[in-house]
Undergrad: 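My questions will all concern the structure given below.
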2 protein chains.
Amino acid sequence: MEREAPDDDAVFKALADPTRRAVLDLLRAKARTTGDLAGRFPISRFGMMKHLGVLVEAGLVLVERRGRERFNHLNPVPIRVLARRWIRPFEEDAVDRLLAQGLLHRPG
Amino acid sequence: MEREAPDDDAVFKALADPTRRAVLDLLRAKARTTGDLAGRFPISRFGMMKHLGVLVEAGLVLVERRGRERFNHLNPVPIRVLARRWIRPFEEDAVDRLLAQGLLHRPG
DNA sequence: ATGAAAGGGGACAAAAAGGTCACATATGGA
DNA sequence: TCCATATGTGACCTTTTTGTCCCCTTTCAT
């Protein structure tokens with residue numbers, strides 16, 4: 001059976017929080033500083049730092065220090081790896097099986 | 001900005017646990033009863049029932065009752081929905097941007 | 001019918017996650 | 001230099017999650 005990479009878990013857990021997903025969504029457009037990000041959510045700067053810590057730990061955010069500022073960049077590579085191992089294998093013929101058993105119904 | 005469906009969160013949270021991911025992996029091959037699943041993990045039947053409850057709540061598992069048995073089927077549709085909204089948009093040009101800034105390096 | 005087997009609900013304890021605060025460090029500019 | 005700005009660490013509290021247990025219901029076979 002296909003085995004799970006040890007750090008897949010960190011990526012999944014990082015994605016499990018809506019604030020962190022929203023942060024990634026913001027970083028998709030451009031890198032942002034920690035304070036900038038904290039100002040956009042109803043949590044304190046320290047709370048944002050914890051979230052960023054989780055994201056960095058999972059490899060989803062790369063840090064670039066520029067003077068006294070810290071720019072947080074999105075790194076989409078872990079998401080891509082995860083998609084290869086976990087998303088695509090689930091898209092195959094399971095739907096057909098469910099349809100055949102009448103547990104799922106075609107839309108419309 | 002793209003908005004998140006209210007139940008995306010349930011799917012992400014369901015996927016955040018390694019036991020639950022392993023269960024989904026098992027169900028990819030065929031549907032299994034609760035007791036069967038519980039016997040394959042180092043947790044009690046009750047613990048497995050809770051995990052299945054989370055998966056059912058997220059729509060990732062569909063239940064078929066057959067006599068006194070309950071067959072848990074994988075439903076890959078929520079994973080597919082999630083992939084469309086969250087995985088693919090992250091695969092676009094962010095890598096190029098990171099490479100251009102020297103924050104990422106080509107393999108090999 | 002009656003007993004064994006499979007499944008489910010609710011209470012509850014332990015562990016992990018999410019959040020805040022106080023305090024400390026580093027940087028850029030007047 | 002001197003100070004405002006931006007960030008980082010550790011302790012701490014609260015909520016959520018994870019797992020176990022007891023007890024009950026349903027179903028199948030004898």
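Reminder, nothing fancy here: chain letters follow the sequence lines and each chain counts from 1.
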Undergrad: What verdict does the side-chain contact (heavy atoms from CB on, under 4.5 Å) test give for A:V61 and A:L24, after you've listed the backbone C-alpha separation in whole Å, the side-chain angles of each residue and the deciding distance to 0.1 Å?
TA: CA-CA 8 Å; A:V61 163; A:L24 293 178; 4.1 Å; yes
Undergrad: Could you write nucleotides 22-30 of chain C as a row of B, S and -, 5' to 3', where a protein heavy atom under 4.0 Å of any base atom gives B, of only sugar-phosphate atoms gives S, and otherwise -?
TA: B----BS--
Undergrad: So which protein N/O to nucleotides 13-16 of chain C N/O distances come out below 3.5 Å?
TA:
none

Undergrad: Side chain of A:K50: nearest nucleotide among D:dG8, D:dA11, D:dT18?
TA: D:dA11
Undergrad: Minimum heavy-atom separation for A:A83 and B:I87, please, with both atom names.
TA: CB-CG2, 3.4 Å
Undergrad: Measuring to OP1 and OP2 of D:dT17, would you say a side-chain N or O of B:H51 lies under 4.0 angstrom away?
TA: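 No, B:H51 has no side-chain N/O under 4.0 Å of OP1/OP2 on D:dT17.
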Undergrad: When you compare the side chain of B:L27 with that of B:L60, does any pair of heavy atoms fall below 4.5 Å?
TA: no
Undergrad: Is the shortest side-chain heavy-atom distance between B:R28 and B:D25 below 4.5 Å?
TA: yes
Undergrad: How many Å lie between CZ on A:R21 and C1' on C:dG18, as a whole number?
TA: 15 Å
Undergrad: A:F41 has an atom CZ; how far is it from atom P of C:dG19, in whole Å?
TA: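 Distance check: A:F41 CZ to C:dG19 P gives 11 Å.
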Undergrad: Would you kindly compare B:D36 and A:M48 by the position of their nearest DNA chain C nucleotide and give the one closer to the 5′ end?
TA: B:D36
Undergrad: Distance check needed: D:dT9 P versus A:E57 CD, whole Å only.
TA: 12 Å
Undergrad: Is the shortest side-chain N/O distance from A:R20 to OP1 or OP2 of C:dG18 below 4.0 Å?
TA: yes
Undergrad: For A:R32 and D:dT7, what is the distance between atoms CZ and P respectively, to the nearest whole Å?
TA: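 Value for this atom pair: 13 Å.
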Undergrad: Search all heavy atoms of B:K13 against all heavy atoms of A:P18 and return the closest pair with its distance.
TA: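 Heavy-atom minimum between the residues: NZ-CD, 4.0 Å.
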Undergrad: Please pick, from D:dA11, D:dT20, D:dT9, the nucleotide with the shortest atom-to-atom distance to any side-chain atom of A:M49.
TA: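 Nearest to the side chain of A:M49 among the choices is D:dT9.
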Undergrad: Looking at every heavy atom in both B:R32 and B:L37, which two are closest together, and how far apart are they?
TA: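 Closest heavy-atom pair between B:R32 and B:L37: CD-CD2, 3.8 Å.
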Undergrad: State, yes or no, whether a side-chain contact exists between A:M48 and A:V23 at a heavy-atom distance under 4.5 Å.
TA: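 Contact flag for A:M48/A:V23 side chains = yes.
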Undergrad: Contact class for A:T33 vs. all strands (heavy atom < 4.0 Å): base, sugar-phosphate, or nothing?
TA: sugar-phosphate
Undergrad: For the pair made of CD1 in B:I43 and C1' in D:dT18, what is the distance, rounded to whole Å?
TA: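 B:I43 atom CD1 is separated from D:dT18 atom C1' by 9 Å.
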Undergrad: Without decimals, in angstroms, what is the distance between A:E64 CD and D:dA6 C1'?
TA: 15 Å
Undergrad: Nearest-Å distance, CG (B:L55) to P (C:dG8)?
TA: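 Taking CG of B:L55 and P of C:dG8, I get 14 Å after rounding.
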Undergrad: According to a strict under-4.0 Å criterion, is A:S44 in side-chain N/O contact with OP1 or OP2 of C:dT20?
TA: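 It does, given that an N or O in the side chain of A:S44 lies less than 4.0 Å from OP1 or OP2 of C:dT20.
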Undergrad: Compare all side-chain heavy atoms of A:N75 with those of A:H73 and state whether any distance is below 4.5 angstrom.
TA: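 When only atoms from C-beta onward are counted, A:H73 and A:N75 do not touch, as no gap falls below 4.5 Å.
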Undergrad: Work out which heavy atom in A:V11 is nearest to a heavy atom in A:A58; give both atom names and the distance.
TA: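 That would be CG2-O, 3.6 Å.
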Undergrad: For A:V54 and for B:R70, locate the closest nucleotide of DNA chain C by heavy-atom distance; then report the residue assigned to the nucleotide nearer the 5' terminus.
TA: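 The answer here is B:R70.
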Undergrad: Between B:R40 and B:D36, is there a salt bridge with N-O shorter than 4.0 Å?
TA: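 Result for this pair is yes, salt bridge flagged.
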